[in-house]
Every structure is written in C-alpha cells, then in structure tokens.
2 protein chains.
Amino acid sequence: MEQCHATALKAAGMKATPKRLAILEMLEAEPGYASPEELWKRLKDRFDRLGLPTVYRNLEELSASGVLSKVIHPNRQLYYYFCSNREHHHHFVCLSCRKVEDIPACGIEALEQEVTRRNGGKVLSHILQLNGLCGGCADNGEIR
Amino acid sequence: MEQCHATALKAAGMKATPKRLAILEMLEAEPGYASPEELWKRLKDRFDRLGLPTVYRNLEELSASGVLSKVIHPNRQLYYYFCSNREHHHHFVCLSCRKVEDIPACGIEALEQEVTRRNGGKVLSHILQLNGLCGGCADNGEIR
DNA sequence: CTCTAAATAGAAATGATTTCGTTTTAGAAT
DNA sequence: ATTCTAAAACGAAATCATTTCTATTTAGAG
C-alpha cells in the first residue's frame, strides 16, 4: 500500500515523505472527497507537528502530478479525491455524501441517463467546460 | 436593448433597477467574461454611488436566474458571461483572451476535436462534472 | 401618490488560501 | 554509515476576494 504510494511519488518526481504518504493514505481510505482542513485535523494527531499549509501544498502538488483529483465544488472551496483510475474518465460527485463515482466515457446526455440508471440517484447539474487557447491566442501562447 | 433586459428581469421576478440594467448592458457589450471588480471599476463612473457588494450581489442573482453564466476558472475567482443562447449548451473559454464560444452539443471527445477544427486554437483541459445526489441520498434529499 | 418589499451603500468582517524566512529532512553521493 | 543539498515542512502572518450587517433608498404595484 504505502509502498505503492512511494513508488507513485517517485514516478512523479516527488520525495516520499511521511506526511505526504499519510495524506495519500488517508485520502485513499476516504470514500469520497475531503477538504485540506478536514484532512489536516485528522492527520495532525499522527504527527507532533503538521502545518495546515503543508497539507494545502501537498494536495496541490499531488493534484498537479495527477496522483489526486481536484473536485469542482459549488461552494468554491478546495476538495480532493484519491482516484486510482488512470484511464481517462470523469466523476460523478454526490453533493450530499461526497461519494465520487467514476464515469468511464464522455457523451453527456447519454451519460446522465446511464449514471442514474446504473447508480440510481439524480443528476442535479453538470459542469462541462473546455479550457484552452482560441485560434488567435494559440499562436503567441500567453496566458493573461 | 435595455427594454429587452428589463423584460428579462421581470420574467425572472427581479426589479429592473438602473444598476442592474447597467451591469447587464456592460456584460453584454463585453466580448468575453469579466470579474465583479472589473465591472465595478468601469461602472462606478456612471453612478455617483455604486458599491462593489452590489455588483457581486447582482451578478450572483442574475446568474442564479439564468440571465448570466458563471465561468469556472482555474484561478478560482468569479467570472461572469452574458450568454444569449437559451438552448442547452456549453462553453469554450479562452484562458488567454477570455472569449467565450458556445458549444451546441455534448460528447466530449468529438467535441474537443470539433472545437479545434472549427475555431482553431487548442483545448488544454476540460472540466466535466456531474453534480447531484447518489442513490442513497436522493431519498432523504439533504445537502451536507 | 403611497406604501412596502426589494435593492443599495459602505464599512467592516470573514476565512479560506498563500506567502515568507527559517529549520528540518529525504535520499543521492561519497 | 556519513555527508551534503535540494526539497519539504514549519507556523505565524498576510492576503484579498467575497460576504455580512445595519441603515437608507427606491422600484413599481395598488
């Protein structure tokens, strides 16, 4: 388990520090997504010293290296999710219990139906947004 | 023009106040999305008094009534976009020039290709997330 | 024209997230 | 094993976009 994580971290070019591993471990055990502060509150018992900024920093770095997924939440706070699925996929997020379910394919209309058919529940809204550079901007590749 | 907006506001059950209309007008003239503060800076010349909270409040209300669209931005700040398209659709957002282009259909893979084929440019990332209630939660419809 | 609920002002608070300078540590090299 | 160095962590403090609060103003129905 933690060996796994250490390997994944190495692969991502990150040091396998105890705190980093603990964050991964805790998030993996989590059935759904969690906020930095929640993780910090639970984790700081395990260490004599653990700063909240360290949790923020690690979650962001891990998310940037693709080890974790970031959840886009209506309340605009940060939430992270441990997702072992390395295939291209999307997530169904339950706003009530925070459970995250993988959605293997794209194609939204059919998607919603399939999700509700398979898992039951109800899709209240979805977010689909493509980010990138338009024709004019792709050339001189700046980000404003 | 402003008649239109007044009608749209009435339809949404909102009073057609001068400031509200000015916000709509300015955002409609905008080629892309804008932040509350940007709009406020440009609008406060037109009024002897205009508070930033008023702009925030109105943008949120207008977005909630579907008159405006909210943009999900990597920097996690609020941006709004005037979108006259009343059909179900999604947006392609240029992170460089802020232009917003409508995407008429869903189906992501094909979608990205179509967007780049039609408009040129480059899709750097996309966000697809379904929000809702899972089977277990749909019954006692609480939001945590 | 009146009246009332909705909208606004503006200062102040909020609070999640980030920054900063210093100290510690993982892990490669010796 | 020991040394060394870049990366990681600390934690107090800062940031700053966003929201709250109470008093005042106003749109628009009657």
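Chain A is the first sequence line, chain B the second, and so forth, proteins listed ahead of strands; every chain is numbered from 1. Reckoned from all heavy atoms, side chains included, excluding hydrogens, waters and symmetry mates.
- Taking a cutoff of 4.0 Å between a charged side-chain nitrogen and a carboxylate oxygen, A:Glu30 and A:Arg42 qualify as a salt bridge.
- Although no hydrogens or angles enter the test, the distance criterion places a donor-acceptor pair under 3.5 Å between the side chain of A:Arg76 and the main chain of B:Arg76.
- Considering only residues two or more places apart in sequence or on other chains, B:Tyr79 meets the side chain to side chain donor-acceptor pair (under 3.5 Å) condition with B:Asn75.
- To the nearest 0.5 angstrom, B:Glu25 atom CD is 9.0 Å from B:Leu43 atom CG.
- OP1 or OP2 of D:dA9 lies within a sub-4.0 Å distance of a side-chain N or O belonging to A:Asn58.
- Straight-line distance from the NZ atom of B:Lys44 to the P atom of C:dT8: 17 Å, rounded to whole Å.
- With rounding to whole Å, A:Glu60 atom CD is found 14 Å from D:dA9 atom P.
- For the pair B:Leu78 CG and C:dA16 C1', the computed distance is 14 Å after rounding to whole Å.
- An OP1 or OP2 oxygen of C:dT17 is reached within less than 4.0 angstrom by a side-chain nitrogen or oxygen of A:Tyr56.
- Ion pairing between a basic and an acidic side chain is recognised when a charged N comes within 4.0 Å of a carboxylate O; A:Arg98 and A:Glu38 show such pairing.
- Counting to the nearest Å, the P atom of D:dT18 and the CD atom of B:Glu61 are 16 Å from each other.
- Between the CG atom of B:Leu59 and the C1' atom of C:dT8 there is a distance of 14 Å, given to the nearest Å.
- B:His73 has its NE2 atom 14 Å from the P atom of D:dA17, to the nearest Å.
- A 6.0 Å sphere centred on NZ of A:Lys99 holds no more than 12 heavy atoms belonging to other residues, nucleotides or ligands.
- Side-chain N/O atoms of B:Arg76 include one lying less than 4.0 angstrom from OP1 or OP2 on C:dT17.
- A:Leu39 has its CG atom 14 Å from the P atom of C:dA16, to the nearest Å.
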Contact state string [nucleotides 20-30 of chain C, B base, S sugar-phosphate only, - no protein heavy atom under 4.0 Å]: ------BS---
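- The CG atom of B:Asn75 sits 11 Å away from the P atom of C:dT18 (whole-angstrom rounding).
- Here the closest non-hydrogen pair linking A:Leu27 and A:Tyr81 is CD2-N, 4.3 Å.
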